[in-house]
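Treat the numbers as computed from the prediction; the structure is a model and nothing was measured. One is the number of the first residue; the rest follow in order along the sequence.
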Amino acid sequence: MSDVQSDIDALVDEFDLLDDWEQRYRYLIDLGGDLEPLREGEHSDANKVKGCVSQVWLVLDDADGGRLRVRGDSDAHIVKGLVALLARLYTDRSPEEALSIDPKDVLSRIGLAEHLSPQRSNGLASMVARIRAEAEARAAA
């Protein structure tokens, strides 16, 4: 387990090493390439995120001790990178920790928020809403 703010700061530091938004996009794409592949059958309608222009699938599993585990995939490289970024932010978090994360603030701090198209921003919001809904359901249980 790790501290949410420390992990966010480390992620921000990684992006701070990159000089411009094009390098940050390339890094984001690289993060997406490192995602654990979804298993057969997980590219299903049940896992598909509604509200995304690209095809996006999110799987929210249980990690140890009721902590969230976020996995996913997309048919668009940048969106797949956003999935990887969200997986880094939310995986191995308790539901309460997950609900404390402000992904808009994180994207702003890493210099991507102002460079996302409205469609990608909407898709990202749909992914975050799905993760937060799962975290809220688990916190209430």
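Within the structure, ring-ring contact (aromatic ring centres under 6.0 Å, His included) pairs that include any residue of residues 120-141 do not occur (at least two apart or interchain). Residue pairs meeting the ring-ring contact (aromatic ring centres under 6.0 Å, His included) criterion with at least one partner in residues 67-107, sequence neighbours excluded, are absent. Listed by first and then second residue, the ring-ring contact (aromatic ring centres under 6.0 Å, His included) pairs involving residues 121-141 amount to none (not counting sequence neighbours).
Put simply, CZ on Arg67 and CD on Glu97 are 4.5 Å apart, with the number rounded to the nearest 0.5 Å. Note that CG of Leu28 and CG of Leu82 are 5.0 Å apart. Values are rounded to the nearest 0.5 Å. The CD atom of Glu14 sits 7.0 Å away from the CG atom of Leu31 when rounded to the nearest 0.5 Å. In this structure, the separation between CG on Leu89 and CG on Leu107 is 8.0 Å, given to the nearest 0.5 Å.
In the hydrophobic clustering, where aliphatic and aromatic side chains (Ile, Leu, Val, Met, Phe, Trp, Tyr) are joined below 4.5 Å either directly or transitively, Leu38 groups with Trp57, Val59.
Of all non-hydrogen atoms in Asp62 and Arg138, the two that sit nearest each other are OD1-NH1, 2.6 Å. Residue Asp75 comes nearest to Gln55 through the heavy atom pair OD1-N, 2.9 Å, listed as atom of the first residue, atom of the second, then distance. In this structure, Glu42 and Arg39 approach most closely via the heavy-atom pair OE1-N, 2.6 Å. Nearest heavy-atom pair across Arg24 and Asp16 is NH2-CA, 4.0 Å. Leu11 and Ile110 make their closest contact through O-CG2, 4.2 Å (heavy atoms, listed as atom of the first residue, atom of the second, distance).
At least one side-chain heavy atom of Arg71 sits less than 4.5 Å from a side-chain heavy atom of Asp61. Between Val128 and Lys104 the shortest side-chain heavy-atom distance does not fall below 4.5 Å. Side-chain contact check for Lys80 versus Val56: every heavy-atom pair is 4.5 Å or farther apart.
Although no hydrogens or angles enter the test, the distance criterion places no donor-acceptor pair under 3.5 Å between the side chain of Arg69 and the main chain of Asp92. The backbone N or O of Ala76 lies less than 3.5 Å from a partner atom in the side chain of Ser74, making a donor-acceptor pair. Within the 3.5 Å criterion, the main-chain N or O of Ile8 finds no donor-acceptor partner in the side chain of Arg88. Of the possible polar contacts, none joining the Ser126 side chain to the Cys52 backbone as a donor-acceptor pair under 3.5 Å is found.
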(request) Just do the side chain to side chain contact (heavy atoms under 4.5 Å, CB included) check on Leu58 and Lys48 with the steps written out, would you? (result) CA-CA 6 Å; Leu58 282 181; Lys48 193 170 181 183; over 6 Å; no
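Checked for salt-bridge contact, Arg93 and Asp7 meet the test: a charged N lies under 4.0 Å from a carboxylate O.
There is no path of hydrophobic side-chain contacts, each under 4.5 Å, that joins Leu99 to Leu60.
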Below 3.5 Å, can you tabulate the donor-acceptor pairs from side chains in residues 111-123 to any protein atom, sequence neighbours excluded?
residue	atom	partner	partner atom	Å
Ser117	OG	Arg120	N	3.1
Ser121	OG	Ser117	O	3.2
Asn122	ND2	Pro118	O	3.4

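Judged as a side-chain contact (heavy atoms from CB on, under 4.5 Å), and not counting sequence neighbours, the contacts of Gln23 are Leu18, Asp19, Asp20, Arg26.
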